[in-house]
Every structure is written in C-alpha cells, then in structure tokens.
Peer 1: 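Sending over a structure as structure tokens; questions will come in a sec.
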Amino acid sequence: MDITNYKLIDCGQGRRLEKFGEIICDRPAPMAMWEKKISQECWEKADIYFDLLTKTWKGEIPEKWLLELGKVKFMLEPASNGQIGVFPEQSQNWEWIDKKINAARQPVRVLNGFAHTGGSTIAAACAGAEVCHFDAAKSANTRARINADLSGCAQDSIRWITEDALKFMTREVNRGNKYEAIILDPPAFGRMNKKIWKFEKDMPELLRLANELFSDEPLFFLLTSHNTGWKTSDQLNFVKSSVPLLLSGRVSAGDMNIAGKGNTLPLGMYLRVEYDLN
C-alpha cells in the first residue's frame, strides 16, 4: 500500500517525529527509549507538539486535515490523548485485507471489533465486503463514518455499532449471525464508563465468542495488539488455546513496525490466520 503521505522522521527518548501529509507532529512514543538519530534542531521544526504533562497540544494546531493512505482516507484531528486519528502501522494489514477479500470472489461478511477510526473497515468495504464495525467509543465511530464517506464506501456496506465488545458479540452469537472474516484490535487496557477491559482477563472470552461467530466457510482471522512486553509467540500461544479454528488455518505472525531514520519503532503485533474459502 502506498503510504508516501506518511513518514516516520525519527523516534527516541520517548518521542516520535512524524509527517502526516504536510503536518509534522511530535508526540509521545513510550517504547522508543533509545537516543534520537537526528538533531534537536530538526525536531523543533514540528508544527505541533503534544505535551505529556499537561495533556495538551502546542504549536500551530490545525483544526482538521485530510490524509490519504492508499485507498483509505482519514480526516485527522489532534485529540486530548495524543492521538490524531490514524494508526499507520496498520497499513500493511489493510493491504492484506484488501487482497484476501478480492481473491475470495464471493460475498464476504466481516466483523471488525475495537475498530477505532475505521482503517480495516474501510479496506474491507472498499474491497467489496459487507462489514459490521463496532467500537465502544462513540467519538471513534463518528470519525470512522467520516473516513468511510471520504474513502467512497457504499453507505449500505457498513453496519455501525457503538457498544462494549463482549456484550455485542454475545448478542451476535445469540442471534445466530456468522462472518467469514473477523478482525480484532483490542487494547492492553481500557476503560469505558464503569467497564474495565484487561487483555489477559477478557481475551479468552472474546476469542471464544469470535470462534462461535465464524461461518462454516471462514476466510481469515486477524488479531492485532499493542501489549508491551509480549512476543508474537506469546500472542500465538494465547490465542491457540481459545480459538480451535486456528488449527485448521495457515498461521502467520509478526511485528507491526515503522522504520524511521536509523530507528525502527515497534508498535504492536499481528496474528493472521488464512482459510481456503470454496
């Protein structure tokens, strides 16, 4: 996927310097504990800077701006948590989703959970899939809808759900709904109202529900996570114990990294399982 509109310029000392279109952004990267590779003078050219202590953005802050990554378009906007509305490390997965669905050559129903601002949803919908997109955050779903419109997705190709993952997936199981492809990007830790999500505690139930939601002719399963301290082998072993369907598919796993000037920023892991859809 062409992501020339995005560039990791440098990372180090707990920060990352990125270029999103024409906007250069300096924001936190706790995993980047090494030294910076380029001069401080270059870092000071950032248009916007997120101050971790005050939880505020500084500089010439744009209200919104458009970023195009391949087929997926995003309306970016600096948020109070240091995010701006796109996760470029996922671009390799968007390309893979597009290829898998196009190669299927028959209708594909996709369930995309913890779907954030919609990158995977849009990649699947643009490839011709029928997508159910769910996230507990109303603000994330609002931005995902905007991104889907910008990307030219058919309005009836995406079903939008704002709800807790486990509650919604339980209802889907009870309704008898099935999906050929399931995408999940759960956080290591999350809080929504009084509900607390913890990866190690809640993932077994999430994966059990995902297993029940697969159709009799599954196409793929994609799990991405950002658990610091975990290895891809840890994630694979964790999932294997909860999703028996994995044993019948082709499994691949790896890191989601972005290369900068002399530094590579680790931003999570992916686990893919491919099945032969007849």
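Atoms considered below: every heavy atom in the structure, side chains included; atoms not considered: hydrogens, waters and symmetry mates. We number each residue from 1, following the sequence as shown.
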Peer 1: Side chain of Ser151, backbone of Lys73: donor and acceptor closer than 3.5 Å?
Peer 2: yes

Peer 1: For the pair Lys178 (side chain) and Glu212 (backbone), establish whether a donor and an acceptor sit closer than 3.5 Å, ignoring hydrogens and angles.
Peer 2: yes

Peer 1: Test side chain to side chain contact (heavy atoms under 4.5 Å, CB included) on Gln13 and Glu35 and set out the steps.
Peer 2: CA-CA 6 Å; Gln13 297 177 309; Glu35 293 298 316; 3.2 Å; yes

Peer 1: Look up atom CD1 in Ile161 and atom CG in Asn141, then write down how far apart they are to the nearest 0.5 Å.
Peer 2: 9.0 Å

Peer 1: Does Trp57 reach the main-chain N or O of Ala79 with its side chain, forming a donor-acceptor pair under 3.5 Å?
Peer 2: yes

Peer 1: Taking the side chain as every heavy atom from C-beta outward, state whether Asp10 and Cys42 have any pair of such atoms under 4.5 Å apart.
Peer 2: no

Peer 1: Would you say CZ of Arg105 has more than 12 non-hydrogen atoms from neighbouring residues, nucleotides or ligands within 6.0 angstrom?
Peer 2: no

Peer 1: Indicate, with yes or no, if the rings of Trp96 and Tyr270 have centres closer together than 6.0 Å.
Peer 2: no

Peer 1: On the 0 to 90° scale, with breaks at 30° and 60°, tag the Trp65-Phe20 ring pair as parallel, tilted or perpendicular.
Peer 2: perpendicular

Peer 1: Using 4.0 Å as the upper bound for N to carboxylate O, is an ion pair formed by Lys45 and Glu41?
Peer 2: no

Peer 1: Distance check, rounded to the nearest 0.5 Å: Leu111 atom CG versus Phe134 atom CZ?
Peer 2: 5.0 Å

Peer 1: Do Asp26 and Trp43 have side-chain atoms, one donor and one acceptor, less than 3.5 Å apart?
Peer 2: no

Peer 1: Going from NZ on Lys37 to CG on Asn263, what distance comes out if it is rounded to the nearest 0.5 angstrom?
Peer 2: 5.5 Å

Peer 1: Identify the two heavy atoms, one from Met75 and one from Asn147, that lie closest to each other, and give their separation to 0.1 Å.
Peer 2: N-OD1, 2.8 Å

Peer 1: Can you name the nearest heavy-atom pair linking Gly85 to Thr117, along with the distance?
Peer 2: O-OG1, 2.8 Å

Peer 1: Would you find a donor on one side and an acceptor on the other, under 3.5 Å apart, between the side chain of Thr162 and the backbone of Lys138?
Peer 2: no

Peer 1: Report yes or no: does Asp135 contribute a side-chain atom to a donor-acceptor pair with the main-chain N or O of His116 at less than 3.5 Å?
Peer 2: yes

Peer 1: Where do Arg109 and Glu180 land on the salt bridge (Lys or Arg N to Asp or Glu O under 4.0 Å) test, with the steps shown first?
Peer 2: CA-CA 5 Å; Arg109 294 164 295 182; Glu180 284 71 45; 2.5 Å; yes

Peer 1: If only side-chain N and O atoms count, and only distance matters, is there a donor-acceptor pair under 3.5 Å linking Thr224 with Asp185?
Peer 2: yes

Peer 1: Crowded around Glu130 CD? As in, over 12 foreign heavy atoms under 6.0 Å?
Peer 2: no

Peer 1: Using 30° and 60° as the class limits, which term best fits the ring planes of Tyr275 and Phe214: parallel, tilted or perpendicular?
Peer 2: perpendicular

Peer 1: So, does Arg16 use its side chain to make a donor-acceptor pair with the main chain of Pro28 at under 3.5 Å?
Peer 2: yes

Peer 1: With a 4.5 Å limit on heavy-atom distance, are the side chains of Ile48 and Pro62 in contact?
Peer 2: yes

Peer 1: Do the non-hydrogen side-chain atoms of Glu18 and Lys7 ever get within less than 4.5 Å of each other?
Peer 2: no

Peer 1: Do Leu76 and Leu69 belong together in a cluster built from hydrophobic side chains that touch within less than 4.5 Å?
Peer 2: yes

Peer 1: About how many Å separate CD of Glu77 and CD1 of Ile61, when rounded to the nearest 0.5 Å?
Peer 2: 11.0 Å

Peer 1: Begin with the C-alpha distance, continue with both residues' side-chain angles, and end with the deciding distance and a verdict on side chain to side chain donor-acceptor pair (under 3.5 Å) for Glu68 and Asn5.
Peer 2: CA-CA 7 Å; Glu68 185 172 351; Asn5 289 327; 5.1 Å; no

Peer 1: I'd like to know whether Leu207 forms a side chain to side chain contact (heavy atoms under 4.5 Å, CB included) with Phe221, so could you lay out the CA-CA distance, the side-chain angles of the two residues, the decisive distance to 0.1 Å, and finally the verdict.
Peer 2: CA-CA 11 Å; Leu207 294 171; Phe221 174 61; 3.8 Å; yes

Peer 1: Could you give me the CA-CA distance, side-chain angles and deciding distance for Met31 and Leu267, then say whether side chain to side chain contact (heavy atoms under 4.5 Å, CB included) is met?
Peer 2: CA-CA 8 Å; Met31 67 293 293; Leu267 289 168; 4.0 Å; yes

Peer 1: Between Trp34 and Cys11, is there a donor-acceptor pair closer than 3.5 Å when you use the side chain of the first and the backbone of the second?
Peer 2: yes

Peer 1: Could you tell me the separation between the SG atom of Cys25 and the CD atom of Gln83, rounded to the nearest 0.5 Å?
Peer 2: 9.5 Å

Peer 1: Return the CE to NE2 distance between Met256 and His226, rounded to the nearest 0.5 Å.
Peer 2: 4.0 Å

Peer 1: Could you tell me if the side chain of Ser225 sits less than 4.5 Å from the side chain of Phe114, heavy atoms only?
Peer 2: no

Peer 1: Show the nearest heavy-atom pair for residues Val108 and Ala181, with the distance to one decimal.
Peer 2: CG1-CB, 4.4 Å

Peer 1: I'd like to know whether Arg272 forms a side chain to side chain contact (heavy atoms under 4.5 Å, CB included) with Asn93, so could you lay out the CA-CA distance, the side-chain angles of the two residues, the decisive distance to 0.1 Å, and finally the verdict.
Peer 2: CA-CA 9 Å; Arg272 301 170 180 169; Asn93 292 320; 2.9 Å; yes

Peer 1: Just wondering, do Ser120 and Ile97 contact through their side chains at under 4.5 Å, heavy atoms?
Peer 2: yes

